[in-house]
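Have a look at the structure below, then the notes.
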Amino acid sequence: MSQRSGIGYDSHRLVEGRPLILGGVEIPDAPRGLAGHSDADVLTHAVIDALLGAAGLGDIGQHFPDTDERWRDADSLELLRTACDKLRDAGHNPINVDATVACEEPKLGPFRDEMRTRLAQAAGLEASAVNVKFTTGERMGFVGRGEGMAALAIATVA
Ligand SMILES: [Zn+2]
């Protein structure tokens with residue numbers, strides 16, 4: 001069976017008064033969180049777009065429009081679970097995911113394994129098939145100035 005790959009990219013603004021949720025993990029004591037219609041989990045959104053892309057199923061906005069009240073403050077891991085159901089319905093199985101989160105602060109390394117585990121569970125994968133990396137903006141651009149965060153992902157499906 002042939003394998004296909006897809007990419008995903010997402011960004012969200014950092015604001016006060018919102019929890020910071022990445023890869024389904026709420027980062028404790030984060031001074032600011034990501035703004036968005038759902039829980040604004042930028043990492044999970046990039047992963048969803050990569051998987052949908054690999055399967056040729058469009059993008060996250062088509063499947064979970066931000067004009068739909070159903071997705072207000074939605075748990076993005078639930079969106080990932082639903083997206084993977086759609087993939088399987090279309091005859092595709094996720095193989096692996098690799099992702100990078102661009103974030104100036106806080107330090108996210110201590111939460112890497114929990115993010116991998118949660119993303120993998122939602123996608124029906126082993127944690128070893130989901131890699132999560134972190135980088136900063138080196139104080140450049142919107143990431144470096146702490147205005148927001150971005151995430152990139154690539155996924156392979158068979
Ligand atoms: Zn998003």
Side-chain angles (χ1 to χ4, degrees), residues 5-28 30-87 90 92 94 96-109 111-112 114-125 129-137 140-157:
S5 53
I7 61 165
Y9 171 80
D10 194 28
S11 59
H12 283 268
R13 189 179 294 275
L14 273 164
V15 295
E16 288 177 7
R18 292 265 300 182
L20 178 58
I21 298 168
L22 293 166
V25 179
E26 183 167 344
I27 309 302
R32 295 183 297 160
L34 295 168
H37 185 69
S38 66
D39 63 8
D41 183 338
V42 70
L43 168 57
T44 302
H45 292 179
V47 168
I48 291 170
D49 255 357
L51 286 162
L52 290 172
L57 290 174
D59 66 29
I60 189 171
Q62 286 178 278
H63 294 274
F64 310 105
D66 64 8
T67 51
D68 190 329
E69 282 303 309
R70 266 185 302 171
W71 315 123
R72 181 175 294 282
D73 295 324
D75 175 352
S76 292
L77 287 184
E78 283 299 324
L79 305 187
L80 175 56
R81 219 167 265 128
T82 302
C84 287
D85 287 343
K86 292 179 184 221
L87 249 70
H92 300 285
N96 80 299
V97 173
D98 182 28
T100 298
V101 179
C103 162
E104 206 67 16
E105 55 183 14
K107 291 275 177 251
L108 298 172
F111 308 101
R112 183 195 318 264
E114 197 176 347
M115 292 178 193
R116 293 179 72 175
T117 300
R118 293 203 184 185
L119 288 167
Q121 278 173 353
L125 291 167
V130 178
N131 195 61
V132 177
K133 309 185 296 298
F134 305 112
T135 189
T136 71
M140 296 178 291
F142 73 89
V143 170
R145 290 189 298 267
E147 293 169 13
M149 291 186 193
L152 283 161
I154 182 166
T156 305
V157 303

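Hydrogens, waters and symmetry mates play no part in the numbers below; they use all other heavy atoms, side chains included. Indexing begins at 1, ligand by ligand and atom by atom, following the structure's order. Heads up: numbering here begins at 1 and tracks the sequence.
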* Would one find an N, O or S atom of Asp10, in either backbone or side chain, under 2.8 Å from the Zn ion (ligand 1)? -> yes
* Asked: Looking only at atom types and distance, does a side-chain atom of His37 sit under 3.5 Å from a main-chain N or O of Asp68, one as donor and one as acceptor?
  -> yes
* Spacing of NE2 belonging to His92 relative to CG belonging to Leu51, to within rounding of 0.5 Å -> 11.0 Å
* Name of the His12 atom (N/O/S only) found closest to the Zn ion (ligand 1) -> NE2
* Asked: Are a donor atom and an acceptor atom from the side chains of His63 and Thr82 found within less than 3.5 Å of each other?
  -> no
* Asked: Between Arg18 and Leu34, is there a donor-acceptor pair closer than 3.5 Å when you use the side chain of the first and the backbone of the second?
  -> yes
* Structure fact -> In His45, the N/O/S atom nearest the Zn ion (ligand 1) carries the name ND1
